Amino acid sequence: MGKRKGYIFTDKKGSKRAAMAVILGSISLVSLGTVVFASYRNGEARPGYGFTGLLALVYSAVGLVLGIVTAVDRNYYKPVPVAAILVNTAALACIGLILYMGGYLW
């Protein structure tokens, strides 16, 4: 029996929830990086930067939940939900590091 080319025999599909989770994680990481850079550049953290960090926390938590829910479902491909879980976990780790260093250095 020869190899069949061009046919995919699967019922799996891509998930829009996983794509949204990756987008939310990317937005969180970019906004945290921007806030940290702006704080370093100005020499102080403004109150708006804290609100941006809070929004990044909410975005990454929602993205993590979406990624986990999609990764558990067997009807979807796994690479995008796994990437979403990794990106959102990295964003949450950055937020935790910022909070730890803020409390430690204060």
Side-chain angles (χ1 to χ4, degrees):
M1 206 167 184
K3 258 181 148 178
R4 295 186 182 200
K5 295 183 182 179
Y7 297 106
I8 299 176
F9 297 103
T10 183
D11 293 336
K12 291 185 178 185
K13 55 189 178 221
S15 172
K16 292 181 181 177
R17 287 185 293 186
M20 189 63 195
V22 170
I23 290 169
L24 286 173
S26 301
I27 289 172
S28 326
L29 282 175
V30 168
S31 63
L32 284 173
T34 303
V35 164
V36 168
F37 180 74
S39 298
Y40 175 74
R41 190 88 191 238
N42 293 335
E44 64 181 1
R46 297 183 180 148
Y49 297 164
F51 185 70
T52 303
L54 182 64
L55 281 179
L57 175 70
V58 171
Y59 285 172
S60 59
V62 169
L64 185 64
V65 169
L66 286 175
I68 290 172
V69 167
T70 308
V72 170
D73 196 355
R74 301 184 110 192
N75 295 326
Y76 295 113
Y77 290 118
K78 298 295 180 207
V80 177
V82 169
I85 291 170
L86 292 175
V87 168
N88 287 302
T89 303
L92 287 172
C94 288
I95 293 169
L97 182 66
I98 290 170
L99 291 174
Y100 174 74
M101 293 303 290
Y104 178 73
L105 296 176
W106 185 256

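All figures in this text were calculated on a predicted structure; none of them were measured in a lab.
The minimum heavy-atom distance linking Arg17 with Val69 is given by the pair NH1-CG1, 3.5 Å. Residues Val87 and Gly25 approach most closely at CG1-C, 3.4 Å, considering heavy atoms. Across all non-hydrogen atoms, the minimal contact from Ala91 to Leu29 is CA-CD2, 3.6 Å. Residues Ser28 and Ser60 come closest through the heavy atom pair OG-N, 3.6 Å.
A continuous path of hydrophobic side-chain contacts links Ile95 to Ile98 [ILVMFWY only; heavy atoms under 4.5 Å]. The hydrophobic cluster containing Leu57 also contains Ile68, counting ILVMFWY residues as joined when their side-chain heavy atoms lie under 4.5 angstrom apart, directly or transitively. Cluster annotation: Met20 and Ile27 are assigned to the same hydrophobic cluster (Ile/Leu/Val/Met/Phe/Trp/Tyr, side-chain heavy-atom contacts under 4.5 Å, transitive). Side-chain heavy atoms closer than 4.5 Å link hydrophobic residues (I, L, V, M, F, W, Y) into clusters, and following such links, possibly through other members, connects Leu99 to Leu54. Under the 4.5 Å side-chain heavy-atom criterion for Ile, Leu, Val, Met, Phe, Trp and Tyr, Leu66 and Tyr59 are members of the same hydrophobic cluster.
From Tyr49, atom OH reaches atom OG1 of Thr34 across 10.0 Å, with rounding to the nearest 0.5 Å. Atom OG1 of Thr70 and atom NZ of Lys78 lie 9.0 Å apart (nearest 0.5 Å). The line from CG of Leu97 to CG of Leu32 is 10.5 Å long, rounded to the nearest 0.5 Å.
With a 6.0 Å radius and a threshold of 12 heavy atoms from other residues, nucleotides or ligands, Lys16 has its NZ atom at or below the threshold.
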Report the C-alpha distance between Ser15 and Val80 in whole Å, list the side-chain angles of each, state the deciding distance to 0.1 Å, and finish with yes or no for side chain to side chain contact (heavy atoms under 4.5 Å, CB included). CA-CA 8 Å; Ser15 172; Val80 177; over 6 Å; no
Applying side chain to side chain contact (heavy atoms under 4.5 Å, CB included) to Ser31 and Leu55, what does each step give before you reach the verdict? CA-CA 9 Å; Ser31 63; Leu55 281 179; over 6 Å; no
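Residue Ser39 is tested with Val35, Asn42, Val36 for a side chain to side chain contact (heavy atoms under 4.5 Å, CB included); the sole match is Val35.
In this structure, Asn88 contributes its side chain and Leu24 its backbone to no donor-acceptor pair below 3.5 Å.
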